[in-house]
Undergrad: 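I'd like to ask some things about the structure below.
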Amino acid sequence: MSLLLDIAEPGQSLRPHERRPEDRKRVVGIDLGTTFSLVAAVDLQGKPACIPDDEGRIALPSVVCYPPEGPVLVGDAAIAAGLRYPADTIASVKRTMGRSLDDLRASGHRTSYALEAGEGGMVRIVTRHHRLSPVEPSAKILESLARRAEESLGGSLHGAVITVPAYFDDAQRQATKDAGRLAGLDVLRLVNEPTAAALAYGLDQGREGLYAIYDLGGGTFDISILRLSKGVFQVMATGGDSALGGDDFDHRLSELFLQAMGVTDPDPGLLQQCKRVARQTKEQLSREMVCEVVLDRPDGGRFETRVTRERFEGLIADLVRATGLPCRRALKDAQVGANDLQGVVLVGGSTRVPMVRQFVKDLFGCEPLSDLDPDQVVALGAAIQAEQLAGNTRGELLLLDVTPLSLGIETMGELVEKIIARNTPIPAARSQDFTTFKDGQTAMAVHVVQGERELVGDCRSLARFELRGIPPMTAGAARIRVTFQVDADGLLTVSAREQTTGIEQSVAVKPSYGLGDEEIERLLREAMVHGAEDWQRRLLNEARVEAERVLSAAGAALRDDGDLLDEAELKRVKGVMLALWEASQKDDPEVINRARETLDRETVFFAERRMDRSVRKVMTGRKVDDFHRS
């Protein structure tokens, strides 16, 4: 049935009258990062700035310690306590948000704390005295930043915008939003990190045109192609990897140190020490060519080694190259070439690595822009967006983000009908009408999936629900409208409504855990590699579904009106039906379609006789009614 479009336009920013300082709402932007987190606000002059702590430090280490006694520690205090309580200290918690235990085990990363499977498949963090959802330590980081902001701004916060990687899926976004709520924050919106960076860059520099935002943070990589024009920030395409970042660089160095020391099963204390020194080594090699490394051995001795920039680059070369495929794909999706770009903006501390900068320059053919601090630019953009949403801003800005992967439902034959396509601007709503497959069908199962492939088995299942109470009708007569709505945070709601009765069922899609890096890469890479093959499989399944429908209808006709055929005619009809059934068992859609066309052609006379009988019944009924009336 026809596709119905119902596009929800993003809300326009308000343009308030001149406000006094006391009229302004206290709002902030928060970059909840894998390695460091920051909070920013816009001053009375309209200038965004990151808020430092009492000691002037802007970046808060994303580390939380749950000591056996005393309060929970966050940031530098947690790092210091981690030397004493390594098994109770949680770092890089963002990597665990909305993900399963299997996802994290597959990544190969070691942690100083234990992990176990929690409810619904989501991972749970186990310290010596606590079992925690990843949402809880994330909330502690947000609480610490909120306190810092309230002390600086002189009062409680009205709300906050929190940034997320563009490639976070529904589960990861929902987990981030839950962390904000647990921290006592009113989360005004979740904004994709590259979009926030572009927002800060565009306003600060007054630039317009087409830009690539290359965002390599501690735990995630995002690439976005954006068009900046007269206050409109439109995301043309997005891509990336939700489990690739500077932490992986540190991991390679850490494993190098452990291997050199001959340690295969490090205790939590040594593991924390190696990770800390690995990060320091990476930062030093971004400035210098050689770094001297000193570590405490498990036996009490000292381990010393020298790491050159060349050695480090050899360790991470494949990780850096892995960012290239999403970049090329994003350019293709945006239907632009590298030479169409006005510039490439670097975001994230990991872009300070010289090899990364050189790779970006070679990939896009231009020197990347780094006017703003890559560590701060995401928080600055989030603060600007918070000002807009609070009504504090004077300017008019429209922020158009996109969905990272296609969303659809399963139809007969295990086919995927895409309802919201990948890279659709959000917020958005799309509707499409479907119908029943069998006579008398009174319920319909709705299976929501995410991905680019043509068959359900190759995509990711998000949710299932059932619409009951459909009036029993002949197959194809019912009209069920399925509506997908993606809000400004990228969260999905699906509803199904039977148009005759008005009965409706809906579900807020909250899958139990998020997409892993390998699965994200598989969904997109295989969609391109197997495009032609998938299309042939779709044609085959569609042909089989249509053959089944025709055979079912023909069988019902024979049961109801088979007496209209003589023995030879009945044999002929059953023969072409058998031929269609046999063709449907083959793997050639053209053979199936030809057999179906033959059945249609050979049964035209039967359809005409059935029509004549129906007309005679109607006419006979009318004559009887006329007789009684007379």
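These values consider heavy atoms only, across backbone and side chains, with no hydrogens, waters or symmetry-generated copies. These figures come from a predicted structure and were not determined experimentally.
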Undergrad: Does either side chain, that of D247 or that of T34, offer a donor lying less than 3.5 Å from an acceptor on the other one?
TA: no

Undergrad: Would you say T435's side chain and A478's backbone share a donor-acceptor pair under 3.5 angstrom?
TA: yes

Undergrad: Under 4.0 Å between a side-chain nitrogen and a carboxylate oxygen: does that hold for D340 and R227?
TA: no

Undergrad: Report the residues that fulfil salt bridge (Lys or Arg N to Asp or Glu O under 4.0 Å) with E498, sequence neighbours left out, ordered by chain and then residue number.
TA: none

Undergrad: Check whether any side-chain heavy atom of R95 sits under 4.5 Å from a side-chain heavy atom of V123, and report yes or no.
TA: no

Undergrad: Establish, from distance only, whether the side-chain atoms of T238 and S224 form a donor-acceptor pair under 3.5 Å.
TA: yes

Undergrad: Which atoms form the tightest heavy-atom contact between P194 and D222, and what is the distance?
TA: CG-CB, 3.4 Å

Undergrad: On a heavy-atom basis, which atom in L467 and which in I503 lie closest, and how many Å separate them?
TA: CD1-O, 4.1 Å

Undergrad: What pair of heavy atoms forms the shortest contact from V126 to R131, and how long is it?
TA: CG2-CG, 4.1 Å

Undergrad: Among residues at least two apart in sequence or on other chains, which ones pass salt bridge (Lys or Arg N to Asp or Glu O under 4.0 Å) with D487?
TA: none

Undergrad: Ignoring hydrogens, what is the shortest heavy-atom contact between A139 and A179? Give both atom names and the distance.
TA: CB-O, 3.4 Å

Undergrad: Among side-chain atoms of N593 and E597, is any donor-acceptor pair under 3.5 angstrom?
TA: no

Undergrad: Mark yes or no for whether D566, through its side chain, and A568, through its backbone, hold a donor-acceptor pair below 3.5 Å.
TA: yes

Undergrad: Hey, what do you get for CG (L244) to CG (L216), rounding to the nearest 0.5 Å?
TA: 6.0 Å

Undergrad: With rounding to the nearest 0.5 angstrom, report the CD1 to CZ distance, I592 to R544.
TA: 5.5 Å

Undergrad: For E590, look at atom CD and say whether over 12 heavy atoms of other residues, nucleotides or ligands are found less than 6.0 Å away.
TA: no

Undergrad: Are the side chain of E136 and the backbone N or O of S133 linked by a donor-acceptor pair below 3.5 Å?
TA: yes

Undergrad: Using a 6.0 Å cut-off, check whether atom CD of E569 has over 12 heavy atoms from anything other than its own residue.
TA: yes

Undergrad: Answer yes or no: is there a donor N or O on one side and an acceptor on the other, between the side chain of D560 and the main chain of A557, under 3.5 Å?
TA: no

Undergrad: Strictly by modelled atom types, are Q385 and Q388 linked by a side-chain donor-acceptor pair under 3.5 Å?
TA: yes

Undergrad: So does E548 get a backbone contact from the side chain of S552, meaning a donor-acceptor N/O pair under 3.5 Å?
TA: no

Undergrad: How about V235 and N192: do any of their side-chain heavy atoms sit closer than 4.5 Å?
TA: no

Undergrad: Are the side chains of L210 and I225 in touch, meaning some heavy atoms are under 4.5 Å apart?
TA: yes

Undergrad: With a 4.5 Å cut-off on side-chain heavy atoms, are K574 and L578 touching?
TA: no

Undergrad: Identify the two heavy atoms, one from D561 and one from F606, that lie closest to each other, and give their separation to 0.1 Å.
TA: O-CE1, 3.4 Å

Undergrad: Check whether any side-chain heavy atom of T424 sits under 4.5 Å from a side-chain heavy atom of R430, and report yes or no.
TA: yes

Undergrad: Do the non-hydrogen side-chain atoms of V446 and F434 ever get within less than 4.5 Å of each other?
TA: no

Undergrad: To the nearest 0.5 Å, what is the distance between OG1 (T195) and CD1 (I213)?
TA: 8.0 Å

Undergrad: Count the heavy atoms of every other residue, nucleotide or ligand shown that sit under 6.0 Å from CZ of R609, and state whether that count exceeds 12.
TA: yes

Undergrad: Hey, is CD on Q335 packed in by over 12 heavy atoms from elsewhere, all under 6.0 Å?
TA: no

Undergrad: Counting heavy atoms not belonging to E567, are there more than 12 under 6.0 Å from its CD?
TA: no

Undergrad: Rounded at 0.5 Å granularity, tell me how far CG in L319 sits from CG in D241.
TA: 10.0 Å

Undergrad: Among all residues two or more places apart in sequence or in another chain, which pass the salt bridge (Lys or Arg N to Asp or Glu O under 4.0 Å) test with R464?
TA: none

Undergrad: What distance do K94 atom NZ and F168 atom CZ have between them, rounded to the nearest 0.5 Å?
TA: 5.5 Å

Undergrad: For a side-chain contact (heavy atoms from CB on, under 4.5 Å) with T176, tell me which candidate from T163, V135, V164 qualifies.
TA: V164

Undergrad: What is the distance from atom CD1 of I223 to atom CZ of F364, rounded to the nearest 0.5 Å?
TA: 4.0 Å

Undergrad: Which pair of heavy atoms, one from D333 and one from A237, lies closest together, and at what distance?
TA: CB-CB, 3.7 Å

